Amino acid sequence: AGADGQEFFQIDEYRIISTNYVIARDWGHLSDHVKICNLVINYVNDVPGLSQDKKDEMIGQAALFRALTRFMGTQIWGEFPIINSTITSVNAANFDSLYNDLYPRRRPIPEVYDAIIADCETALAKAPAATGTPESKYRPNKDAAHALLAKVYAT
């Protein structure tokens, strides 16, 4: 356990009760992380002035973050939503087609793991290699993708 407080120990020990405030907070954080990753993945190719190599690198990094976020979600809740689109506008004309993305269903664990693996494979193809330099120390890279993929397969 990496924190103080009964709520955190419940998560670490997989014995969460319904009044645990950390769960609602973390659900919001993880959902927001997926949304940000989707923005990058879905729209970075539309950004003028970036080379295709830089765009691919950003897609690979965002895919790795999304994979990690989904993995963390499955570790806490089991089933977790798989959202790959980005909603930029909601109106009467598109509401019905967006409903599933606005109010996503939790997906079975094997489907979530398939999405995690697909994102890790995207990261392996597009994320930068680890350079060992201080400025790249905390950036997502191919080595991190290999590590997460190994943990996913081991789980």
Side-chain angles (χ1 to χ4, degrees), residues 1-47 55 57-128 136-155:
D4 293 334
Q6 185 62 29
E7 294 82 6
F8 295 100
F9 290 121
Q10 288 175 11
I11 295 168
D12 291 338
E13 296 170 359
Y14 297 101
R15 56 178 185 84
I16 303 163
I17 62 173
S18 62
T19 58
N20 188 327
Y21 76 92
V22 176
I23 297 303
R25 181 203 67 193
D26 288 353
W27 182 271
H29 287 320
L30 294 180
S31 296
D32 288 345
H33 286 285
V34 169
K35 290 174 190 173
I36 292 167
C37 292
N38 287 340
L39 280 171
V40 172
I41 292 166
N42 293 325
Y43 294 108
V44 73
N45 282 321
D46 298 336
V47 176
K55 291 175 183 180
E57 181 179 297
M58 292 173 73
I59 290 170
Q61 291 174 325
L64 182 57
F65 273 126
R66 187 171 69 179
L68 177 61
T69 300
R70 288 176 172 163
F71 184 69
M72 292 168 62
T74 60
Q75 296 302 293
I76 297 171
W77 295 285
E79 295 179 342
F80 195 73
I82 300 173
I83 302 169
N84 295 321
S85 61
T86 303
I87 299 170
T88 57
S89 175
V90 178
N91 55 51
N94 69 3
F95 183 78
D96 289 336
S97 64
L98 296 176
Y99 186 83
N100 289 333
D101 288 338
L102 290 169
Y103 305 102
R105 293 180 321 144
R106 290 168 48 176
R107 308 304 299 175
I109 295 171
E111 286 183 37
V112 180
Y113 271 60
D114 288 344
I116 294 167
I117 291 166
D119 277 344
C120 284
E121 290 172 352
T122 298
L124 289 172
K126 295 184 176 198
S136 69
K137 183 176 183 177
Y138 299 105
R139 292 186 182 159
N141 57 51
K142 291 183 189 308
D143 289 353
H146 280 293
L148 179 58
L149 194 55
K151 190 167 187 174
V152 168
Y153 281 126
T155 305

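Note that this is a predicted model, so its numbers are computed, not measured.
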| said: Check this for me: Phe71, atom CZ, are more than 12 non-hydrogen atoms of other residues, nucleotides or ligands nearer than 6.0 Å? | reply: yes
Taking every heavy atom of Gly60 against every heavy atom of Ala123, the minimum-distance pair comes out as O-CB, 3.4 Å
Residues Cys120 and Ala67: closest non-hydrogen pair is SG-CB, 3.9 Å
Between Pro81 and Arg70, the two heavy atoms sitting closest are O-NE, 4.5 Å
Residue pairs meeting side chain to side chain donor-acceptor pair (under 3.5 Å), one or both in residues 22-39, sequence neighbours left out, come to Asn38-Arg66
*asked:* Can you confirm whether more than 12 heavy atoms, excluding those of Arg139, are under 6.0 Å from its CZ atom?
replied: no
Show every donor-acceptor pair shorter than 3.5 Å between a side-chain atom in residues 147-155 and any protein atom, with sequence neighbours excluded, or say none if there are none.
{"from": "Thr155", "atom 1": "OG1", "to": "Lys151", "atom 2": "O", "distance (Å)": "2.7"}

Counting C-beta onward and ignoring hydrogens, is there a side-chain heavy-atom pair between Arg15 and Phe9 closer than 4.5 Å? yes
In this structure, CG of Asp46 is separated from NZ of Lys55 (nearest 0.5 Å) by 7.5 Å
Phe65 and Cys37 have their tightest heavy-atom pair at CB-SG, 3.6 Å
Value for OG1 (Thr69) from CG (Leu64), rounded to nearest 0.5 Å, stands at 9.0 Å
Taken in chain and number order and not counting sequence neighbours, the residues that satisfy ring pair (Phe, Tyr, Trp, His ring centres under 6.0 Å) with Tyr103 are Tyr99
**Prompt:** Under a 4.5 Å cut-off applied to non-hydrogen side-chain atoms, are Asn45 and Ile59 in contact?
**Reply:** yes
CD1 (Ile17) and CD (Glu7) are apart, to the nearest 0.5 Å, by 8.0 Å
Taken to the nearest 0.5 Å, the spacing of Ile76 CD1 from Gln10 CD works out to 12.5 Å
Interatomic distance, OG1@Thr86 vs CG@Leu39, rounded to 0.5 Å, equals 4.5 Å
Might you work through the side chain to side chain contact (heavy atoms under 4.5 Å, CB included) test for Asn94 and Ile87, ending with a clear yes or no?
CA-CA 10 Å; Asn94 69 3; Ile87 299 170; over 6 Å; no
Lys142 and Ala127 have their tightest heavy-atom pair at NZ-O, 2.9 Å
NZ of Lys126 to CD1 of Ile41, rounded to nearest 0.5 Å, is 9.5 Å
For Leu124 and Ala145, the nearest pair of non-hydrogen atoms, with its separation, is CD2-CB, 3.7 Å
Should Trp77 and Ile23 be marked as a side chain to side chain contact (heavy atoms under 4.5 Å, CB included) after you check the CA-CA gap, both sets of side-chain angles, and the distance that decides it?
CA-CA 9 Å; Trp77 295 285; Ile23 297 303; 3.1 Å; yes
Donor-acceptor under 3.5 Å (Asn42 side chain, Asn84 main chain)
yes
